[in-house]
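One structure is given below, encoded as C-alpha cells.
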Amino acid sequence: MSSHYKLPRLQEERQKVKLGSVAITLPDYPHYTPDQRSSPTKPFVHSRVNSKHNKIHRNKKPSRSSKRISADIISLSEEILIDLQDELNTDNEVTFGPMKLKQKNLSILLVFAKEDAQSDGFWWAADKMGYKCFIAHNAEGALECYLDKHHDVVIIDHRSNKAFDPEALCRSMRATKSSDHTVIVAVTKRIAPEKEEPSVLSLLKAGFNKRIPENHNVNSCINELLCLEYGEVRSQLKLRACSAVFSALDNISDAVQICNEDNQIQYVNPAFERLTGYSAEEVIGKDATEMARVDRNKTDLHDSINNQLKKGKFWEGTYHTRRKSSDVGVSSHCVFSPVLGPGGKLFHIVSVQKTTPDTSYSDRIKEAEYNLANGGVAHGYPRRRESLAKIHSMTVEAPITKVINIINAAQENSPITVVQALDKVLEILRTSQLYSPHFVQPMKEGDTMTSDLVGGLVSQNVKRQLITSSQESSSVSHSKPVSGHHIHIPNNLLSQMPAEVIEILELEPSWDFNIISLEKATAKRPLVHLGLKAMARFGVCDFLRVDEMTVMNWLNLIEANYHSTNSYHNSTHAADVLHATAFFLTRERNQAVLDQMDQVACLIAAIIHDVDHPGYTNAFLINEKNPLALMYNDQAVLENHHAALGFQLSWKDNSVNIFKNLTRDEYTPLRETIIDMVLATEMKQHFEHLNKFVSCVNKSTLKLEETSSMSGTGSPDSMAIINQLSTPENRSLIKRMLIKCADVSNPCRTTEMCIEWAKRIAEEYFIQTDEEKRRNLPVVMPIFDRKTCSIPKSQTSFIDFFINDMFDAWDYFCDIPDLMTHLQENYRYWKEKSEEEAS
C-alpha cells in the first residue's frame, strides 16, 4: 500500500449512554487491523432526493464538483484501490459479550442544501466502501427519506447553512422513535489554528453524536466513515441488542436487580416488582441496602457481600428483601454477581433472587430431576414438584382449567395490583361449587318464611351455610386426626383369628401387603378380617361408640352382599380398596388435613363402595333397562345403589347398626361424606374430579408452598398450607381423590398383584361382552372379546389414559414414591408384553 494512504487506527473512547433506567458506559470497538476480512463488498446503490419533488433517483452519479475531486480518485493507483477494497471487506460479525451480532451494510443519508466538494467527497467515499447512500437538499425531504429508510448515519451540513436549520432538523429526527440508534453527524467549518475552537455543547444538546470539520478529500471522508462504522455505529448495534436482553429479563420468573458500584438501584424487572410489591419507579435510584434492611438479615451481611464482589467473586446465599406491604422480609436464594469495569474495578452489581429458598433445596430438585431422567425415583418434597410438572401436560384439560391457565399467564407481565386482583379471581374459580348460591346478606331476624323456604328448597349445603357461627361451633369440630399407628387394638376378636390370618395381617400397614393371600387364607372372606384390623387401628369403635361385635356383624353383613362369583368386583376387591384407603390415610399430609370423622368415613366408604355389584357396568344395566337403572334415572346407577344399600343394610337391624349411637349432628355429615365418596368412584366423572383436585388443591398448594418458602415460614406443610387444605371444599376433593386412587390402584401394586388383578377385570369384561352378544345388546367394550383381546394393550391404555395423570396428582399431594415405582415397573412390563404379542 502506498505511503500516502493508510487505514486509520481507531482510538478507544468511552461513550456514556442510557438503557431504560440503566446508565452504562461502553467502550468503542478495538483497533481495526488488516486481519479483519469479510465477504466481497455489497453492490453500491446511488440515491439522491430531488430538492423540489423529494423523489429518490437511483444510479445517478454526482454532477457537481466531480472534476474537482476526480484528481483525488485517479491519483489512487490500481494497486492501492485493490488493497483498499481488500481492507474494507471487514467481518460483519460483531461480538457483544456472548452474543454474536450481524452488522448490515451501512446506510447513509447526506443532507446538503447544495452539492459541493464536501457532499461529493462523502458520496464518493460511500461509493468506494460499498455503502448505501442517499442525499437530500432540504429538511422536509431529509425527514421524509429518513422516516422511510431509517439510515444508520445521517450527515448534516452545518456550515452556515441558510436553507434550513441543521439543529432543528436534528431535533426533529431525534423526536422520532427510530432515531434511538441513529448516528447523526454535523459537518462544520474548519477552524484556523489561531482561532478559538467553538463549543460543541449546542450540537450535543440538539442531538448530534459527532462533529466533523469539513474536508472534501475522499480518503479523509473514507476515514471518517470508517471511524463511524467501527465506533458509533457498532456501539449503537450493541445497544440495540440490549433490547433483547431487557425483554428476556422482563419475562423470567426470577427477580433481577441491577445496581451501580454505590448500590444505587438502576433496574428491576417485573418479577422483582411482584416479589416485593414495589414498582420500578419507587425503587430506581434508591439504596439497595435500604431495601434489605430487615431484622432477618445479619448486620454485616452487606459488608460480606461487597467484600466478595470487590474481589471479582460472586456471593450466594439466603437473602431477605423488604416487602412493601409489611416489614417482614421475603426470604429467597440469591446470587450477587459483579460486573467489572476498567482496571478490574466494580462497575455494576447484578442480583438474581431465585424462586427456591436455599441451595440445598435447589440441589434436591436437581437430584430428583436427574434420578427421574435416568429411570430412578426421587423421594421427598421435590418429587411432588416434579409430579406437578407432569400435571401441566395432562392430555385431558377441562374448560375451567384452560381459563385458569390463561389467567396465570396474564399475571406474568401484569402490575402488582392486577396480579393481586387476579389472585382473588383464581381463588373463586378454584372452588368446587361455582354456581352454588351464596347469600351475601344475612336473613332478616324474624323472617321465618324466607328462612323456611330457603332451608326447605335449597340444597343442604346452602342450608348449613345459613347457620350462625355459634351454631357451627357447637357441631362436630375438626378434631385432631388419629395417626393410625398408636391406637390400642383390642385383642379379643383379632386374637381369635387363625394363626395364618394373623401372620398375614401383620403386614397390613405395608403397601406390599398381599390381599390375595388373605383371600385364600379366609376362604374368600378377607373383608371381615382386614376390616376388623383396619377399623381397630383407626379407632372406629371409639368414634362410633359401638362395640367390636357390632362392627364385626356389620362387616359380615356387608361382605355377604358382595358376589363371590364375580371375578373382580367381589369382597376381595373391597378389601383391597380398604387397604389402599388405610395406607393413604397414614400419609403425613392426609393426617394433617383430615380429622377422625373423615378417616372413619373413608374406611366405611371403601368397605361399601361396590356392595352388591352385579359384575356388569352401568352402561350394560342401562342398555338392558335394569330396575336399578330405572330407579336411578340412568345416573351413576351402581354407585347410587352401593351407597344406598350400604346404609339400608346398616339400619336393617340394631345388631349391625354401626351408626346407632351417633347424634343427628354427628351422623348427617358422616353420611354425606360416605355418599359423596362412593359416588366419586363413577368413572364417568373421573376427569371432572381430577381437574377439580388439580386446580383447587394441587395448584393452590404449590402457590402456598412457594409463598411459605419465600417468606421463610418453614416446611411445605406449614400451618398456612394446612389451613388452606382443611377447608370443607378442599377436604371433600381430597377424600374423593383418595377413594378414586384406592379404587384403581391395581397398576401401582407389585407386578405379581398387578397381573392377577388385570386377569380378573379382563375376565369380568369378557363375561359382559359374551352376555351382550348373546342377548343382542349393544357391545359396550368390543375390545374385551376373549378371542381377540390383548390384556397388555388394555392395561397400557388404561394406565396412559386414566392412571398416570391421576397418580401424578396424588403423588404430588401426599408423596407416594413406592407406588410410583411400581407403576413405572408395571407399565414397562405390560409394554414389553404388548410388543412381544405384536412380534
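Residue indices begin at 1 and follow the sequence shown.
- The two residues A206 and R171 make their nearest non-hydrogen contact at O-CG, 3.3 Å.
- Between the N251 side chain and the S247 main chain, a donor and an acceptor come within less than 3.5 Å of each other.
- For the atom pair CD of E229 and CG of N105, the computed distance is 8.0 Å after rounding to the nearest 0.5 Å.
- In this structure, V183 and V154 have side chains that are not in contact, with every pair of non-hydrogen atoms separated by 4.5 Å or more.
- Nearest heavy-atom pair, P338 versus L346, reported as atom, atom and distance to 0.1 Å: CB-CD1, 3.6 Å.
- Of all heavy-atom pairs between C170 and G207, the closest is SG-C, 3.4 Å.
- Put simply, the side chain of N209 does not reach to within 4.5 Å of the side chain of V185, judged on heavy atoms.
- Smallest separation of non-hydrogen atoms from Q118 and C221: NE2-SG, 3.7 Å.
- For Y267 and F246, the distance between ring centers is under 6.0 angstrom.
- The line from CG of L225 to CD1 of I155 is 5.0 Å long, rounded to the nearest 0.5 Å.
- Using a 4.5 Å cut-off on side-chain heavy atoms (C-beta onward), H181 and L237 make no contact.
- Expressed to the nearest 0.5 Å, how far CG of L249 lies from CG of D254 amounts to 10.5 Å.
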Audit row: S179, Y146, side-chain hydrogen bond (donor to acceptor under 3.5 Å, both in side chains) steps and yes/no: CA-CA 9 Å; S179 70; Y146 175 72; 4.6 Å; no

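- When only modelled atom types and interatomic distance are considered, E232 and S235 share no side-chain donor-acceptor pair under 3.5 Å.
- Taking the side chain as every heavy atom from C-beta outward, P198 and I191 approach each other to under 4.5 Å.
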Derivation and outcome, side-chain contact (heavy atoms from CB on, under 4.5 Å), residues M99 and V245: CA-CA 10 Å; M99 296 180 72; V245 178; 4.2 Å; yes

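- When side chains are defined from C-beta on, Q103 counts as touching R234, because their heavy atoms get closer than 4.5 Å.
- A donor atom on one side chain and an acceptor atom on the other are found under 3.5 Å apart for K100 and T95.
- Of all the heavy atoms in K210 and C227, the pair that sits closest is NZ-CB, 4.0 Å.
- Side-chain contact between E273 and Y278 is absent, with no heavy atoms from C-beta onward closer than 4.5 Å.
- If you take CG on L309 and CG on L340, they are separated by 9.0 Å, rounding to the nearest 0.5 Å.
- Considering every non-hydrogen atom in both A126 and C133, the closest pair reads CB-CB, 4.0 Å.
- The CD1 atom of I108 sits 6.5 Å away from atom OH of Y131, with the distance rounded to the nearest 0.5 Å.
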Chi angles and distances behind the side-chain contact (heavy atoms from CB on, under 4.5 Å) call for I184, T182: CA-CA 6 Å; I184 304 181; T182 300; 4.1 Å; yes

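- For an aromatic pair to be called close, the ring centres must be under 6.0 Å apart, and F134 with H151 satisfies this.
- In this structure, N215 contributes its side chain and N217 its backbone to a donor-acceptor pair below 3.5 Å.
- By the 4.5 Å heavy-atom criterion applied to side chains, F208 and E167 are counted as neighbours.
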Pair V111-F164, side-chain contact (heavy atoms from CB on, under 4.5 Å): steps then yes or no: CA-CA 10 Å; V111 186; F164 58 85; 3.5 Å; yes

Trace of the side-chain contact (heavy atoms from CB on, under 4.5 Å) decision for E261 with I349: CA-CA 7 Å; E261 66 274 20; I349 302 168; 6.0 Å; no

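- Here the side chain of E282 pairs a donor or acceptor atom with the backbone of S279 at under 3.5 angstrom.
- With hydrogens and angles disregarded, no donor-acceptor distance shorter than 3.5 Å links the side chain of N263 to the backbone of D287.
- Of the charged side-chain nitrogens involved, at least one lies within less than 4.0 Å of a carboxylate oxygen, so that R159 and D157 count as a salt-bridged pair.
- A side chain to side chain contact (heavy atoms under 4.5 Å, CB included) with H158 is found for one member of D165, L203, I212 and no other, namely L203.
- A distance of 8.5 Å separates CD1 in I135 from CG in L109, rounded to the nearest 0.5 Å.
- The shortest distance between side-chain heavy atoms of I265 and I258 does not fall below 4.5 Å.
- Classification of R211 and E197 as a salt-bridged pair holds, one side-chain N sitting under 4.0 Å from a carboxylate O.
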